[in-house]
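Okay, so here's the structure we're looking at.
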Amino acid sequence: MDSRDIASVVSKVVASLSSKMTLDIAKALSLCVEKKAQEMGVNAVICVADSGARPILVHSMDNAYIASFDIAVKKAYTVVSLKMPTSKLKTLAAPGGSLYGIQFTNDGQIVIFGGGDPLIINGEIIGGIGVSGGTEEQDTALSLYGASVLEEIIKRI
């Protein structure tokens, strides 16, 4: 094996490691989203799930709604299991939409309103983020923000 082969193998290993959701990434991501939520005046619950839609971290800000816990977890599940933002699913699940009624499947774990976004690195979904606690618009802005800072967070870790 020459040095080019070794470099190629190392590059592939590094790429695979950076495409996995970890607790450290989830913690850093939730703290960034919490800071943005504070700026917006929202007491949110933030859930970060892995590529299997299993929660890695659920972060509840002080005075967040009790119901927001379950909603955030289900938003994170929804975006990973259906590979799309919950805001996009809202349109598809509306009466007359191609996925109308989908929220009644999967033991009620599917959420059809904004606040959930897939977490994507190198074109691969490594997890999902679900945010609940504000209006739909606020939750959507926060989950989009979380998805947008993911790559920067991974570079820092």
Side-chain angles (χ1 to χ4, degrees), residues 18-157:
S18 67
S19 65
K20 304 287 184 218
M21 180 54 65
T22 66
L23 182 57
D24 285 340
I25 294 168
K27 285 178 182 179
L29 184 60
S30 71
L31 290 174
C32 286
V33 174
E34 177 185 12
K35 183 177 179 191
K36 181 65 88 175
Q38 288 172 333
E39 292 170 7
M40 295 170 63
V42 174
N43 298 321
V45 176
I46 303 145
C47 178
V48 179
D50 65 13
S51 62
R54 292 174 300 275
I56 297 292
L57 174 138
V58 181
H59 181 103
S60 298
M61 293 173 64
D62 292 341
N63 298 314
Y65 295 116
I66 294 168
S68 291
F69 186 97
D70 191 45
I71 295 167
V73 171
K74 289 180 178 183
K75 286 179 181 180
Y77 171 85
T78 299
V79 301
V80 175
S81 64
L82 295 176
K83 302 178 189 317
M84 71 176 77
T86 57
S87 58
K88 179 179 179 184
L89 183 59
K90 177 182 181 174
T91 303
L92 297 172
S98 61
L99 295 178
Y100 179 65
I102 194 166
Q103 70 272 25
F104 303 115
T105 67
N106 293 272
D107 293 322
Q109 289 192 85
I110 303 296
V111 175
I112 59 168
F113 49 88
D117 279 279
L119 298 172
I120 301 171
I121 293 294
N122 299 325
E124 180 183 342
I125 296 175
I126 66 162
I129 184 168
V131 181
S132 181
T135 64
E136 181 179 6
E137 292 77 18
Q138 290 170 321
D139 290 354
T140 299
L142 290 167
S143 66
L144 278 169
Y145 174 74
S148 75
V149 299
L150 177 64
E151 195 168 322
E152 179 184 317
I153 287 168
I154 289 174
K155 287 178 184 175
R156 285 189 278 153
I157 292 178

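Any value given below was found using the heavy atoms of this structure, including those in side chains, with hydrogens, waters and symmetry copies removed. When a residue number appears, it is its place in the shown sequence, counting from 1.
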- In sequence, state the C-alpha distance, the side-chain angles, and the governing distance for Ser148 and Asp117, and then conclude on side chain to side chain contact (heavy atoms under 4.5 Å, CB included). CA-CA 10 Å; Ser148 75; Asp117 279 279; over 6 Å; no
- Are any non-hydrogen side-chain atoms of Met84 and Leu92 less than 4.5 angstrom apart? yes
- Item | Side-chain heavy-atom pair Ile102, Leu82 within 4.5 angstrom cut-off | yes
- Item | Nearest-0.5 Å distance, NZ of residue Lys20 to CG of residue Asp50 | 10.0 Å
- Query: Which value, rounded to the nearest 0.5 Å, describes the distance between Thr86 atom OG1 and Lys74 atom NZ?
  - Reply: 14.0 Å
- Item | Within-4.5 Å side-chain heavy-atom neighbours: Phe69 and Ser60 | yes
- Item | side chain to side chain contact (heavy atoms under 4.5 Å, CB included) partner of Ser30, the single match among Val45, Ile56, Ile46 | Ile46
- Could you tell me whether the side chain of Asn122 and the main chain of Glu124 form a donor-acceptor pair under 3.5 Å? no
- Item | Pairwise side-chain contact, Ile153 with Cys32, heavy-atom cut-off 4.5 Å (strictly under) | yes
- Exercise: identify the closest heavy-atom pair between Ala72 and Ser132: N-CB, 3.9 Å
- Task: Rounded to the nearest 0.5 Å, what's the gap from OG on Ser51 to CD1 on Ile121? Could you check?
- Result: 13.0 Å
- Identify the heavy atoms of Ala147 and Leu119 that sit nearest to each other, and give their distance. CA-CD2, 3.7 Å
- Where Ala37 and Leu142 come nearest, the two heavy atoms and their spacing: N-CD2, 3.6 Å
- All pairs passing salt bridge (Lys or Arg N to Asp or Glu O under 4.0 Å) where residues 36-46 contributes a residue, at least two apart: Lys36-Glu39
- Message: Do Ile126 and Leu150 make a side-chain contact, defined as non-hydrogen atoms from C-beta onward lying under 4.5 Å apart?
- Response: yes
- Contact check, side chains of Ser143 and Lys75, non-hydrogen atoms, under 4.5 Å: no
- Message: Taking side-chain contact (heavy atoms from CB on, under 4.5 Å) as the definition, give me every residue that meets it alongside Glu136, ordered by chain and number, with sequence neighbours left out.
- Response: Lys90, Phe113, Thr140
- Side-chain heavy atoms of Tyr65 within contact of Ile71, under 4.5 Å: no
- Item | Phe104/Ile110 under side chain to side chain contact (heavy atoms under 4.5 Å, CB included): CA gap, chis, key distance, verdict | CA-CA 7 Å; Phe104 303 115; Ile110 303 296; over 6 Å; no
- Query: Is there a side chain to side chain contact (heavy atoms under 4.5 Å, CB included) between Val42 and Val131 once you walk through the steps?
  - Reply: CA-CA 11 Å; Val42 174; Val131 181; over 6 Å; no
- Query: Yes or no on side chain to side chain contact (heavy atoms under 4.5 Å, CB included) for Val79 and Ile129, after CA distance, side-chain angles and deciding distance?
  - Reply: CA-CA 8 Å; Val79 301; Ile129 184 168; over 6 Å; no
- Return yes if some donor-acceptor pair links the side-chain N/O of Asp139 with the main-chain N/O of Gly134 below 3.5 Å, else return no. yes
- Provide the closest heavy-atom pair for Gly146 versus Val33 in the form atom of the first, atom of the second, distance. CA-CG2, 3.7 Å
- Message: Tell me whether Ser68 contacts the main-chain N or O of Ala44 through its side chain, where contact means a donor paired with an acceptor under 3.5 Å.
- Response: no
- Query: So how far is it from Thr22 OG1 to Ile154 CD1, rounded to the nearest 0.5 Å?
  - Reply: 7.5 Å
- To the nearest 0.5 angstrom, please state how far the CZ atom of Arg54 sits from the CE atom of Met21. 12.5 Å
- Task: State whether the side chain of Glu152 and the backbone N or O of Val149 hold a donor-acceptor pair below 3.5 Å, judged by distance alone.
- Result: no
- Any idea which heavy atoms bring Thr78 and Gln109 closest together, and the distance? OG1-O, 3.2 Å
- Query: What is the minimum heavy-atom distance between Ile157 and Ala28, and which atoms define it?
  - Reply: CD1-CB, 4.0 Å
